Amino acid sequence: MRNIDWESAINTRRSTRSFQNINVETEKMNMINSFISDMNMPFEHNVKVKKFKAKSDKKLYTVYNAPPDNLAFMSKTDVYSISAAGFVGEVVILYATSIGISTCWYGHYALAELESVMPHLGQYKNLQNPKWGYGKDEVEGERTICITPLGYGKQDGVRLFDRIQENLISYKRKPIENFLDGDIKKDELSPEILYALELARKAPSAANTQHWRFLISSDQKTISIYMPVGYKHIKWEHPDVDIGICASHFWLGLLMKNINCIVSLTVEDGRAVWRFQIE
Ligand SMILES: Cc1cc2nc3c(=O)[nH]c(=O)nc-3n(C[C@H](O)[C@H](O)[C@H](O)COP(=O)(O)O)c2cc1C
């Protein structure tokens, strides 16, 4: 984990929505496989990362053609598990970015199409409902929380949809000040915490909502990342996934600065709370 330039990966990653219809080279897929099997997460989880092949049409991602290679992030659907899926999934996505592969977090995949290319629902198979993603609420058993294409973006110009996404919602991030809860101000933060928070605020979130909040204790030894109690978004039913993604960026930031910490994930007031206790 430590020999990867996570800062560059975070700064390079963008949601790609226009793919060439070519396979990722076997060598790179092998690298992703071994990264997934060796990666050590700093908390308990049961997230599975599954490779699958998709057909080259718009059925799965609905607005663009799927490339051949894809990943599914699977877990139970309680708050803890889906937030863990965000954390684990983002570390894998950033690793893929670091070896030159383009990705796009995708929550509203077509469930019937995913089941047809990657059967996973088993006894819970009910393809009529829901249509997009695994559903709105916690359900029994494991589901695919999100998927991502793995591939190479089209070189020949950016499609209008991408341009709109880029200008309107993609990549624009709010400054750290907008996310600080508690009394500590940005200019009082230690350089290491500031660095890790700078990476955290660049995390991707569904519809770029950036609904995370950061709470730093007065001795700057405990950092909490969560969303406001009761936060809801009209389009994205699982904002705790995004909080896990943001938490992974913060953790990687501490890793880049060689700072050891104990990571805990708890569910408080119905939402995921990630805590980093600096040793
Ligand atoms: C959990 C999650 C789910 C997402 N689901 C979708 C989706 O269903 N469709 C889509 O086009 N983009 C989806 N996105 C991509 C976001 O729109 C994108 O990350 C955000 O606008 C920021 O842009 P960037 O990834 O280029 O930095 C999702 C992102 C996240 C983090």
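Read the numbers this way: they start at 1 and go in the same order the structure lists the ligands and their atoms. As the structure is a prediction and not an experimental result, all values here were calculated from the model.
Considering Ile147, Leu150, Leu71 as possible partners of Thr103, the one that fulfils the side-chain contact (heavy atoms from CB on, under 4.5 Å) test is Leu150. Partner of Val88 under the side-chain contact (heavy atoms from CB on, under 4.5 Å) criterion, out of Ile245, Ile36, Val47: Val47 alone.
Think of Tyr124 as one node in a network of Ile, Leu, Val, Met, Phe, Trp and Tyr side chains linked at under 4.5 Å; it has no links at all.
Summarising the contacts of atom 14 (N) of ligand 1 with Tyr109, Trp132, Trp105, Trp236, the nearest heavy atom is found in Trp105. Distances from atom 22 (C) of ligand 1 to the heavy atoms of Lys172, Arg14, Arg173 put Arg173 nearest.
Between the side chains of Thr77 and Glu138, not a single donor N or O lies within less than 3.5 Å of an accepting N or O.
Not a single heavy atom of His238 sits closer than 4.0 Å to an atom of ligand 1. Residue-ligand proximity: Arg13 is placed with a non-hydrogen atom under 4.0 Å from ligand 1.
The ligand atoms of ligand 1 that sit less than 4.0 angstrom from a heavy atom of His108 are 8 (O). Interface atoms of ligand 1 facing Pro204, defined by a heavy-atom separation under 4.0 Å, are 19 (O), 25 (O), 31 (C). Numbered from 1 in the order shown, with element, the atoms of ligand 1 that lie under 4.0 Å from a heavy atom of Ala207 read 17 (O).
Looking at Ile245 against ligand 1, only its side chain comes within 4.0 Å, counting heavy atoms. By the criterion of a heavy-atom distance under 4.0 Å, the backbone of Ser205, and not its side chain, is placed next to ligand 1.
In summary, Glu142 and Lys50 do not engage in a salt bridge, as defined by a charged side-chain N under 4.0 Å from a carboxylate O.
Note: Phe43 and Phe87 meet the aromatic proximity criterion, with ring centroids under 6.0 Å apart.
In this structure, the side chain of Gln277 does not engage the main chain of Val263 through any donor-acceptor pair within 3.5 Å.
Between Gly107 and ligand 1, an N or O atom pair is found at a separation short of 3.5 Å.
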